[in-house]
There are 2 protein chains.
Amino acid sequence: MPDITGGWADTVKQAMPNVTRNTRQRAEVLALLREVEDFHSAQQLHQMLLARKAGVGLTTVYRTLQLLVDAGEIDSTRLPGGEQLFRRCSQSKHHHHLVCRDCGRTVEVAGPAVERWAGQVAAQHGFVDVGHTLEIFGTCPECVR
Amino acid sequence: MPDITGGWADTVKQAMPNVTRNTRQRAEVLALLREVEDFHSAQQLHQMLLARKAGVGLTTVYRTLQLLVDAGEIDSTRLPGGEQLFRRCSQSKHHHHLVCRDCGRTVEVAGPAVERWAGQVAAQHGFVDVGHTLEIFGTCPECVR
DNA sequence: ATCGTTGCAAAAGATTTGCAACTTC
DNA sequence: GAAGTTGCAAATCTTTTGCAACGAT
């Protein structure tokens with residue numbers, strides 16, 4: 001049977017190893033993240049949960065998202081304005097984003113070479129537990145006109 | 001005569017074309033930025049100005065930094081926590097940072113290959129006026145112990 | 001004298017935290 | 001019933017804005 005979710009964790013405990021209780025709220029957040037494609041802010045996700053009467057508080061949304069980031073189940077970026085955005089990691093391969101300054105349109109790009117380079121550089125300086133963030137900004141074809 | 005400042009704009013009007021008045025406060029901010037090496041937050045810079053009794057308000061620090069970013073005279077990044085950091089563009093060559101999660105220690109690293117790659121990727125998607133940000137995070141040798 | 005600039009205080013936003021009530025195991 | 005979770009309200013923190021006073025040209 002094909003895995004429609006792209007292999008994404010289905011259950012709360014699967015997604016959040018650092019957690020002991022299995023709650024309705026966490027399941028709701030997971031379910032929502034499974035449905036949406038792009039990056040959304042915690043506030044946006046909370047609004048969506050309100051809209052579907054999921055009964056999940058904003059605080060819990062923040063806390064759950066943080067757990068998921070820690071567990072590596074979701075990616076997070078930051079908007080130029082400082083707002084944090086979250087999104088399900090759809091591909092096993094790590095990737096980056098090409099973001100339009102004007103309309104916010106996002107294109108995913110893979111950069112295996114960059115990954116390796118970052119790891120090497122960090123290792124050279126004795127850093128461990130390494131991660132990185134890379135965003136490319138520009139004006140997309142739509143917004144140039 | 002050698003240019004000690006690394007060719008960095010010396011005067012207010014030089015640094016901020018989009019400005020008409022030449023004020024003491026702006027000169028103070030410029031002077032400070034000329035002296036500090038690494039990234040600092042607006043708040044940190046303001047503290048330094050207080051320490052040297054420069055008489056520049058926090059609001060003005062923010063406004064001046066924004067003018068300088070717009071003018072392309074300083075770089076800005078964002079910490080994982082969302083705080084914005086500013087730094088004089090000291091080198092013509094673009095480079096990135098390896099930052100310790102715990103102590104904040106920063107190592108500059110050059111990545112010419114990454115630059116080229118980012119430009120290519122963006123061009124492939126028809127994006128123009130391209131820039132990028134790349135930060136590598138990890139735990140530095142000091143903080144591992 | 002004009003009009004850009006400053007800086008205080010207040011507003012605006014996003015995110016975090018204290019804590020009592022409530023679930024899950 | 002013990003311990004993890006929730007969610008409200010309040011706190012925190014960074015950054016922005018209104019506006020009257022100020023200062024550069």
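Every chain is numbered from 1, with letters handed out A, B, ... down the list of sequences.
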Distances under 3.5 Å between nitrogen or oxygen atoms of protein and nucleotides 16-21 of chain C:
none

Whole-Å distance between [N] [atom2] and [X] [atom1]?
| X | N | atom1 | atom2 | value |
| --- | --- | --- | --- | --- |
| B:Arg21 | D:dA24 | CZ | C1' | 5 Å |
| A:Leu65 | D:dG7 | CG | C1' | 16 Å |
| A:Met16 | D:dT5 | CE | P | 9 Å |
| B:Leu85 | D:dT14 | CG | P | 11 Å |
| B:Arg26 | C:dG7 | CZ | C1' | 13 Å |

Is B:Val69 linked to B:Leu49 within one hydrophobic cluster, defined over Ile, Leu, Val, Met, Phe, Trp and Tyr using a side-chain heavy-atom separation of less than 4.5 Å?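 Yes; B:Leu49 is reachable from B:Val69 via cluster members.
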Does [N] have OP1 or OP2 under 4.0 Å away from a side-chain N or O of [X]?
| X | N | result |
| --- | --- | --- |
| B:Arg24 | D:dG23 | no |
| B:Thr20 | C:dG4 | no |
| A:Gln25 | D:dT5 | no |
| A:Thr23 | D:dT6 | yes |

Sequence neighbours excluded, which residues qualify as side chain to side chain contact (heavy atoms under 4.5 Å, CB included) partners of [X]?
| X | answer |
| --- | --- |
| B:Gln44 | B:His40, B:Ser41, B:Met48 |
| A:Leu58 | A:Gln43, A:His46, A:Tyr62 |
| B:Val107 | A:His125, A:Phe127, B:Leu98, B:Arg105, B:Val109 |

Are any of the side-chain nitrogens in [X] or [Y] under 4.0 Å away from the carboxylate oxygens of its partner?
| X | Y | answer |
| --- | --- | --- |
| B:Glu28 | B:Lys53 | no |
| A:Arg87 | A:Glu37 | no |
| A:Glu35 | A:Arg52 | yes |

For B:Thr60 and B:Gln25, which I'm curious about, is there any donor-acceptor pair between the side chains at under 3.5 Å?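 There is no such pair (donor and acceptor under 3.5 Å, judged by atom type) between the side chains of B:Thr60 and B:Gln25.
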Would you jot down, in residue-number order, the residues of residues 40-55 of chain B having a non-hydrogen atom under 4.0 Å from DNA chain C?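 Correct list: B:Gly55.
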Relative orientation of the end axes in the helix from C:dA1-D:dT25 to C:dC25-D:dG1, expressed as an angle to the nearest 10° (five pairs per end):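 Roughly 30° between the end axes, to the nearest 10°.
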With respect to B:Phe86, which candidate in B:Asp75, B:Ile74, B:Val36, B:Val61 satisfies the side-chain contact (heavy atoms from CB on, under 4.5 Å) definition?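 Exactly one pass, corresponding to B:Ile74.
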Quick one: sort the A:His132 and A:His96 rings into parallel, tilted or perpendicular, breaks at 30° and 60°.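 Plane angle between 30° and 60°, so tilted.
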A:Val130 side chain near B:Ile136 side chain, heavy-atom distance below 4.5 Å: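 In short, these two side chains touch, coming nearer than 4.5 Å.
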